[in-house]
Every structure is written in structure tokens, then in C-alpha cells.
Amino acid sequence: MYNVKKIGDNMPEVALIGKTNVGKSTLFSALTMLPVKIESRPFTTIKPNVGIAYIKVKCVCQELGVKDNPRNSLCINGVRYIPVKIIDLAGLVPGAHEGRGLGNKFLDEMRNADALIHVVDASGSTDSEGRPCPPGTHDPLADVKMIEEEVMAWVLGVLKRDWSKLARSVEHGKIKVIDALSSRLSGLKILPKHISQALDDLGLTNKKLDHWSDEDVKLFVKRLMEISKPFIIAANKSDVPESLENIRRLKEVYGAENVVPCSAEAELALRRAAEKGLIEYSPGDSSFKIIDESKLSPQQLKALKTIKERVLDIWGSTGVQELLNKIYFNKLNMIPVYPVANPNDLTDGEGRVLPDVFLVPRGTTARELAYMIHTELGESFIYAIDVKRKIRLGENSILNENDVISIVAAKKGRK
Ligand SMILES: Nc1nc2c(ncn2[C@@H]2O[C@H](COP(=O)(O)OP(=O)(O)OP(=O)(O)O)[C@@H](O)[C@H]2O)c(=O)[nH]1
Ligand SMILES: [Mg+2]
């Protein structure tokens, strides 16, 4: 559907992490519609699966009364689909950071993610090692804790390697604290601004590295992960009745805003049925419509009825689309903006109307957007045009949700 290479490295990226056998690959398949290996046993996924899913937002085309022609995204019936790279990782068991199960390779694979979806078996039907057990007999809260500890232990391992050597090079003035920590963590897409915020939040900015206690290092890693790799809990298998009470408890402990009940299996079934033209359904919908009942087998009808009764009627949706939207808009606090080259007809150089939508952090300025489009455009920025309000914006003007922006630059003309 979309040329991944063209989007390049700037595409938002989300990693699916969690205990083994909880439904990560099912969720991946439901999000991307790619067929992958799904089985009811631990360690089915060995190599990560990579695919594209779409965040859904209301497109500005209708508000502006134009017919658009997107390039970096899709627009269907006034809804913009923004591509996001999804990585489905191998599952974890306790002790993974020391090499148990499939070991800690998974952690290397999540380096580039902006955020993590932590998939949990909310029905409690897999034990701590991911082996099937009767629903309601395993506590999913223990799994959330286990994964947090494994990730923490791994990052701690990376950071503490040669700690005293690191401390000495700072002490001798060879390198600044932020640069020292940043060089250690740069492979994890942890930026100097994340590090400086974590140091600030914990009052560690001026503490010498060789005076840091083990507790300081632990708190620093915890805060750093919260800032640089926010996560959301996908409380999966919401179709299983035993999930209800566990989802309530997960929300109580981790906050309702951080827990999204979902049924990856239901979403996958609905998307497949829609793809085959058996039902009308769009991801995120609270219901579906059977197109022609005579085309469905009794088993298919029964499965659809179960999805309606156990998932849609109880939770309002399968939760799968909500996961992506919540991560980008609530956790990462991004907003969509639409850069155009020509402010009059809203086109790019090739005449495409509203060609691109960018997800940018709330607070992004006009000039920062120019840099995101192209370094040269940022460097030669003169001013921007807010196309909807028909006003000029200076370099420090903060962009708003759904702004349509045209950059006027010295050398390269408008983008
Ligand atoms: N009831 C129910 N079962 C599900 C759901 N999602 C996944 N499953 C089942 O859970 C089992 C494991 O699914 P996978 O997607 O392979 O799990 P995984 O987390 O990728 O497992 P590993 O790759 O082995 O770590 C399969 O039998 C799925 O059918 C769901 O929403 N509801
Ligand atoms: Mg898997």
C-alpha cells in the first residue's frame, strides 16, 4: 500500500513488547494485516516482524473543502491514515536480560522505537513462563512488573558498563556529563534533551558520576525510560470474561489513561472479514455490518456474534486502533500538521493537494517544522504562512493541531 523506503527513517516507530505467548504477533497482524506466525506456545516469534500500521485522524481536506491527493499518507472518506512502523518482538520470560528464553536480543531491536506497546495477557491464561494455564489463574500485574524489571536491568547493564572509567573522563574534563551519558545511550535513541530532563527532575545535574549511588543510577534509568520510551499497556484478550476484573485492577494500579483493553484476535477476525467483503468494518469502529448473511458459514456467524457480545458491546471497540492513537496523541503529545509548498492551491511542487501530514511534538515552532521538512529549508527560513488563517508566522511561532503551513525560504523557495 505504501513505499516504506520513501518514508525513510523519520517514520514514527512503535515496538510491541511483552511476555511470551500473550498475543503480540496477533496484535501485529491485526495492525498491519501481514500474515505472521501465531501459535499458542512460548517463543513462536524469533526474528522480529516489521510492518506498517496507520494512525487515524480527521483530515483537514473536508474543513477546507478540497479534494486531496496525499503522498506520505492516505485519505479515505475524509480520514487521514498516517503510517507508523510497527515492530513485533520476541517474547520475554523472567531473567531475559541474563539470557533466559530468547535472551535480551529483543532489547536491541527496540532501540529505535519512539514508544512501546506493552502487551499483557489480561485474561491470566498464560503462566509466568508463557505456558497456557486456565483463565484467571495467573496475575497479569506480575507480568507488567516483570517486563519493567527486565527492561530496566538491561538498560542498567548498558549504562553501568565501565562506569568508573566514564566517571574519570568526566572528572578529567575530557567530556561533559550529558555527553558522557548520551554517548552511552545514543544507540537507544535517547537524546541529550531526554538525559538533561531526567538529571534535572532527579536533582542529579551537578552530582559527580562517581558519587552516584546504585539507587541514583536506578532512578535515573527509570525516569529516562519514562521520558524517552513511554509505554502504554495493551490489556489483551479482553474477549475472555476473566479479563474484566484484571483490566479493572490494571487500570487502578497503572492509571486508566495508560491501559487500553483490547482484543487482537477480534480485530484480526474483523479486518479479515472486511477485506473479504463479508462485513463493513473500519478499525476503531464500535460495530460492524454484515453485508450478505448467506455468504457466511454458521461458524463465521457465531464468531461474529461472539465478537459483538464479548468485545464491542462491552468495551466499545476492539481497542486496537485506540492503542496507536493514544500513544501518539496522549503519551507522545504529537499533533498533525500539513506542510504545503503553495499556500494558494495547497499543493506541493508536483501539484498534489495536501500531500503530506507530519506528526510533530506539541510546541514545535514554524522554523523547527522547516528543519523537519529539509535542513536547507530550516537554514534559509524567512517566515511561514498559516494558510487557514492567512497570516504570517515568525520562526518562533508555535504550531497548532491541523495547521496547514507553507514555509517561505531565502534560497529554495517555498515548500
Ligand atoms: N482469546 C484471545 N486469544 C488471543 C488474543 N490474541 C492472541 N491470542 C492467542 O494467544 C496465543 C499467542 O498469540 P501470539 O500472537 O503468537 O503471541 P506472542 O505474544 O506473539 O507470542 P511469542 O511470539 O511466542 O512471544 C495464540 O493462540 C493467539 O490466538 C485475543 O485477543 N484473545
Ligand atoms: Mg509472537
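A quick note: this is a predicted structure, and the numbers were derived from the prediction, not measured. Counting starts at 1 for both ligands and their atoms, following the listed order.
- The pair R131-E129 does not count as a salt bridge, with every side-chain nitrogen at least 4.0 angstrom from each carboxylate oxygen.
- Near ligand 1, T20, N21, V22, G23, K24, S25, T26, I38, E39, S40, R41, P42, F43, T44, T45, G91, N236, K237, D239, V240, S263, A264, E265 each place a heavy atom less than 4.0 angstrom from the ligand.
- At a cut-off of 2.8 Å, S25 coordinates the Mg ion (ligand 2) through an N, O or S atom.
- For N333 and Y328, the side-chain atoms include no donor-acceptor pair closer than 3.5 Å.
- Inspection of the N258 and K331 side chains reveals an N or O donor paired with an N or O acceptor under 3.5 Å.
- Judged purely by distance below 3.5 Å, without hydrogens or angles, the side chains of N325 and Q321 pair a donor atom with an acceptor atom.
- Put simply, T44 stays out of reach of the Mg ion (ligand 2), with no N, O or S atom under 2.8 Å from it.
- Using a 4.5 Å cut-off on side-chain heavy atoms (C-beta onward), F231 and I327 make no contact.
- Side chain to side chain, R80 and S73 meet the donor-acceptor criterion of an N or O pair below 3.5 Å.
- Side-chain atoms of D127 come within 3.5 Å of backbone N or O of G130 as a donor-acceptor pair.
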